S.K.: 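Below is one structure. I have some questions about it.
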Amino acid sequence: EAGVAQSPRYKIIEKRQSVAFWCNPISGHATLYWYQQILGQGPKLLIQFQNNGVVDDSQLPKDRFSAERLKGVDSTLKIQPAKLEDSAVYLCASSLGLAGGLGTDTQYFGPGTRLTVL
Amino acid sequence: AQKVTQAQTEISVVEKEDVTLDCVYETRDTTYYLFWYKQPPSGELVFLIRRNSFDEQNEISGRYSWNFQKSTSSFNFTITASQVVDSAVYFCALTASYNTDKLIFGTGTRLQVFP
């Protein structure tokens, strides 16, 4: 079974530029998550989707970050404009979502996108 | 508020040594889940184990074992006879509340196993 796919794996941009990341979850997984992992820290949840609806985006900096999950499968995360402090690894994860976001499904992670903002 | 503490920033061992990674958590919920993930240099977080708050039985999977003690709010991870391939950053995580999948991660412990 294919795992969570993400692209690109690496991205280098200058501050104030825009960038987008793509994620394809494990087939059949209803729940999709985007995490930000700053160097030396644990991942921090940015946004959680259940199918194509948002369950939790309380930690998403909405003035510059946006995410969508059209058709409840693939998802894109965008940063516009980027700041130096956005340099991090952006991880996508998915889970079965059987409990509709009210349970404890195990999350499976992709390889991440390493973003460097100069 | 929920919190996960991994006090060991980095551990170095020689191959075949046993090593224990500590995890202490804080939560007011009576129902919660704890996880361990491994992050090798490739960057992907690999799921290792999930344990619910009502199951305090220790678990063993090959060279890996986990000790869950609610009395001390700890969920420690032991690798027996460590191997070079075990070198990675290990994260402990806790569900943010009983009715969500949201995970609160610790800061991770970097394990280096030398041949």
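These numbers come from a predicted model, not from an experiment. Naming: A, B, ... by sequence-line order, numbering from 1 per chain.
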S.K.: So, for A:Thr106 and B:Tyr37, which heavy atoms are closest and what is the spacing to 0.1 Å?
M.R.: CG2-OH, 4.1 Å
S.K.: What's the shortest heavy-atom distance between B:Leu45 and A:Pro43, and which atoms?
M.R.: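 Minimum heavy-atom separation between B:Leu45 and A:Pro43: CD1-CG, 3.7 Å.
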S.K.: Would the number of heavy atoms belonging to other residues, nucleotides or ligands and lying under 6.0 Å from NZ of A:Lys71 be above 12?
M.R.: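 Result for NZ/A:Lys71: open.
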S.K.: Tell me if the CD atom of A:Gln41 is crowded by more than 12 foreign heavy atoms within 6.0 Å.
M.R.: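 Enclosed.
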S.K.: Hey, is NZ on B:Lys70 packed in by over 12 heavy atoms from elsewhere, all under 6.0 Å?
M.R.: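 Above 12, so yes.
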S.K.: Got a second to check how far A:Gln107's CD is from B:Lys102's NZ, nearest 0.5 Å?
M.R.: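 The CD atom of A:Gln107 sits 11.5 Å away from the NZ atom of B:Lys102.
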S.K.: Using a cut-off of 6.0 Å, state whether more than 12 heavy atoms not belonging to A:Leu84 lie near its atom CG.
M.R.: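 Yes, because the 6.0 Å sphere around CG of A:Leu84 holds more than 12 heavy atoms from other groups.
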S.K.: Crowded around B:Arg51 CZ? As in, over 12 foreign heavy atoms under 6.0 Å?
M.R.: yes
S.K.: Run the side-chain contact (heavy atoms from CB on, under 4.5 Å) test on A:Tyr35 and B:Leu103 for me, step by step, so that the C-alpha distance in whole Å, both residues' side-chain angles and the decisive distance to 0.1 Å come before the verdict.
M.R.: CA-CA 10 Å; A:Tyr35 286 84; B:Leu103 292 179; 3.9 Å; yes
S.K.: Which answer fits A:Arg114, side chain, backbone, both or neither, if we ask what part of it has an atom under 4.5 Å from a heavy atom of chain B?
M.R.: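 For A:Arg114, no heavy atom lies under 4.5 Å from chain B.
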S.K.: Taking A:Leu60 as the starting point, is it possible to reach A:Val54 by hopping between hydrophobic residues whose side chains are less than 4.5 Å apart?
M.R.: yes
S.K.: Please look at A:Thr113 and chain B and tell me whether the side chain, the backbone, both or neither of the residue comes under 4.5 angstrom of a heavy atom of that chain.
M.R.: neither
S.K.: What part of B:Gln39 gets within 4.5 angstrom of chain A, counting heavy atoms only: side chain, backbone, both, or neither?
M.R.: side chain
